Peer 1: 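Before we start, here is the structure in question, set down as structure tokens.
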There are 2 protein chains.
Amino acid sequence: MPHASAPQHDAPRDSPDTTPDAAAGTPPAKARGKAGEKSPRSTARKAVGRPPRISRDDVVRAARRIVDDAGVDALTMRRLATDLGTTPMALYHHVRDKEELLVLLLDDYAAGALRPTGLPDDPVERVLAAAAAIHDALAARPWIAQVLTADDLMAASALWYVEQVVDGLTAAGLSPAQAVHGYRAIWYYTAGEILVRATAARRRAADDRPTYREHVFAGLDPAELPRLSGVAADWAELTAQDTYRDGLRALVTGLVAGR
Amino acid sequence: MPHASAPQHDAPRDSPDTTPDAAAGTPPAKARGKAGEKSPRSTARKAVGRPPRISRDDVVRAARRIVDDAGVDALTMRRLATDLGTTPMALYHHVRDKEELLVLLLDDYAAGALRPTGLPDDPVERVLAAAAAIHDALAARPWIAQVLTADDLMAASALWYVEQVVDGLTAAGLSPAQAVHGYRAIWYYTAGEILVRATAARRRAADDRPTYREHVFAGLDPAELPRLSGVAADWAELTAQDTYRDGLRALVTGLVAGR
DNA sequence: GCATGTTTTTATACATGTAAGAAAACTAGC
DNA sequence: GCTAGTTTTCTTACATGTATAAAAACATGC
């Protein structure tokens, strides 16, 4: 297994680069060069090519600083480059595109935010608690919506919670395959909730546009759509309520009841 | 209630513009002018200001043509303007921004795609069928992901299905408020599924990047995360399966069981 | 020292959405 | 006809993500 001083990023599309530590918080391995290598094999060559001035970790850290200080809207590739003392395009050797940078950032946050605290013993309750923990951690950061749809978001730091969900479902009687499918369903529901809510909040903040929904609901025909007409007046209030946990419980209950 | 020849778009932020027909498929009301008005009051004035060369409907129609012919990626404001024989900025008087245009487009598609066909009588089955119909109609068009998070997406054409869901849940014993919350849960789940899947598909198509998940799953510690390690090999296959309906049934079952 | 290969950085350029303001094309009142 | 007011359109300009290609900075083998 080659380790040594693997490149930070799978360059123009060839090196496998399966260093499992590149993602999390490994020190940048800067100050490389003449330091002795522990690894018995792999002859620790002197790293060919132009030496990098910045590492992927530098990029992520600088990005995090910007987001913390000035919000996610201030995070542009140009500003990031300026903060790092390089050019925008130099970043693209450490990060495939901005979206990957955001995923990395999310992972960075998750590493600090999520803490394995005492979870209940009962399987169903454990699933609920783990899912809610993921949800709350993500929902706290609105900019996450831009990244959330990552199919493979659940990386590194959050995996422990995924494990809890899958394990809980298994303990409740589901097969491994069913447990994975159940986890996915929970993930769809969770991601959907956050995304829909975040978008709605963004719209409300950005503008006082008549929400289009009011527009549509105003012209509702009680004869054709009686139920909707009946709740039209309360719709805004009802949908503003946070019912994530209720829905989650319903979903998990249904998953477990289904065998 | 003023009607007459209301402006197509709430201009620089003042006119209420609550014409309930502006959204769907009302004829552009072009060829306006000397035609007699039915409305008894509202003296049908001669429309002040520079006469528009294009209507909002023209914009949506042209956009639809582009999407149908060349895909959603080809839909740029510049191209749209060229097709209509105007300038990009002229579009912004009929559409707030590109996102609103996409919402309008989606509505346009929904009007044609969704057809109220025979739904089951059993409340739960009806909810399932209605939700699945929405899901399938949306999932068929990948570009929808960009718009889907609209909190108020369920406009005009799709409302009939929303009605079916809320009505079915009510018939199954839920209170009106619970039914709305239930609908929302179903919507979160549905939107999340489509979004996550669409994004995953896009990534897979765009590039053969090692999915980052493989990356993470490769370095899994079986001692710490036994369940995930156990299914790691099958993860890709399991998550590729379409289990939307299974999860939906579980959710609805749980919602109904919860009273 | 010098040519070669490799990796990172830089320079340049483009397409996109859209903000800001000027101009055009009308009606209404005089 | 002329001015004022109103609505739509056009011109110009900017910020952004990122493609492309050249240049820089190293190690290696000669």
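Chain naming here is simple, since letters A, B, ... match the order of the sequence lines and numbering starts at 1 in each. All figures in this text were calculated on a predicted structure; none of them were measured in a lab.
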Peer 1: Listed in order of residue number, which residues of residues 68-85 of chain A have a non-hydrogen atom at under 4.0 Å from DNA chain D?
Peer 2: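 Going residue by residue through residues 68-85 of chain A, the ones with a heavy atom under 4.0 Å of DNA chain D turn out to be A:Leu75, A:Thr76, A:Met77, A:Arg78.
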
Peer 1: Do other residues, nucleotides or ligands put more than 12 heavy atoms under 6.0 Å from A:Asp73 CG?
Peer 2: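 No - once you tally the heavy atoms of other residues, nucleotides and ligands closer than 6.0 Å, there are 12 at most.
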
Peer 1: Given atom NE2 of B:His93 and atom P of D:dT7, what is their separation to the nearest angstrom?
Peer 2: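 Whole-Å distance recorded here is 10 Å.
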
Peer 1: I want to check something: taking the side chain as every heavy atom from C-beta on, are A:Leu104 and A:Val59 in contact at a cut-off of under 4.5 Å?
Peer 2: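 A side-chain contact is absent here, since even the closest heavy-atom pair is not under 4.5 Å.
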
Peer 1: Yes or no on salt bridge (Lys or Arg N to Asp or Glu O under 4.0 Å) for B:Asp68 and B:Arg65, after CA distance, side-chain angles and deciding distance?
Peer 2: CA-CA 5 Å; B:Asp68 285 343; B:Arg65 266 257 303 266; over 6 Å; no

Peer 1: Rounded to the nearest angstrom, tell me the gap between atom OH in A:Tyr92 and atom P in D:dA21.
Peer 2: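 My rounded result for the distance is 18 Å.
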
Peer 1: Nearest-Å distance, CZ (B:Arg50) to P (D:dT7)?
Peer 2: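 For the pair B:Arg50 CZ and D:dT7 P, the rounded distance is 14 Å.
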
Peer 1: Using the side-chain heavy atoms of B:Val48, tell me which of these nucleotides is nearest: D:dG5, C:dA23, D:dT11.
Peer 2: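 Selected nucleotide (nearest to the side chain): D:dG5.
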
Peer 1: Are the side chains of B:Tyr244 and B:Thr190 in touch, meaning some heavy atoms are under 4.5 Å apart?
Peer 2: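 Yes, at least one pair of side-chain atoms sits under 4.5 Å.
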
Peer 1: Within the 4.0 Å heavy-atom criterion, would you say A:Thr86 contacts the bases, only the backbone, or no part of the nucleic acid?
Peer 2: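 A:Thr86: backbone/sugar contact only, no base atoms under 4.0 Å.
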
Peer 1: Using 30° and 60° as the class limits, which term best fits the ring planes of A:Tyr183 and B:Trp235: parallel, tilted or perpendicular?
Peer 2: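 Tilted: the ring planes of A:Tyr183 and B:Trp235 meet at 30° to 60°.
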
Peer 1: Expressed in angstrom and rounded to an integer, what is the separation of B:His94 atom NE2 from D:dT8 atom P?
Peer 2: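 Value for this atom pair: 6 Å.
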
Peer 1: If each of B:Met89 and A:Pro88 is mapped to the nucleotide of DNA chain C with the nearest heavy atom, which maps nearer the 5' terminus, i.e. the 5' end?
Peer 2: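 Residue closer to the 5' terminus by nearest nucleotide: A:Pro88.
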
Peer 1: Closer than 3.5 angstrom, by distance alone: can the side chain of B:Arg197 be matched with the main-chain N or O of B:Gly192 as a donor-acceptor pair?
Peer 2: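 Not confirmed, B:Arg197 side chain does not pair with B:Gly192 backbone.
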
Peer 1: So if I take every side-chain heavy atom of A:Thr87 and compare against C:dT10, D:dG17, D:dT9, which nucleotide ends up nearest?
Peer 2: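 The answer is C:dT10.
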
Peer 1: For A:Asp108 and A:Leu105, indicate whether the former's side chain and the latter's backbone hold a donor-acceptor pair under 3.5 Å.
Peer 2: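 Here the side-chain-to-backbone pair does not exist.
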
Peer 1: How long is the line joining CZ of A:Arg53 and C1' of D:dA24, in whole Å?
Peer 2: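 So the CZ-C1' distance, A:Arg53 to D:dA24, works out to 10 Å.
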
Peer 1: Could you state the atom-to-atom distance from CG of B:Leu101 to P of C:dT18 in whole Å?
Peer 2: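 So the two atoms are 10 Å apart, to the nearest Å.
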
Peer 1: What is the distance from CG of A:Leu91 to C1' of D:dT16, rounded to the nearest Å?
Peer 2: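 It is 13 Å, rounded to the nearest whole Å.
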
Peer 1: How long is the line joining CD1 of B:Ile54 and P of D:dT7, in whole Å?
Peer 2: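 Atom CD1 in B:Ile54 sits about 17 Å away from atom P in D:dT7.
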
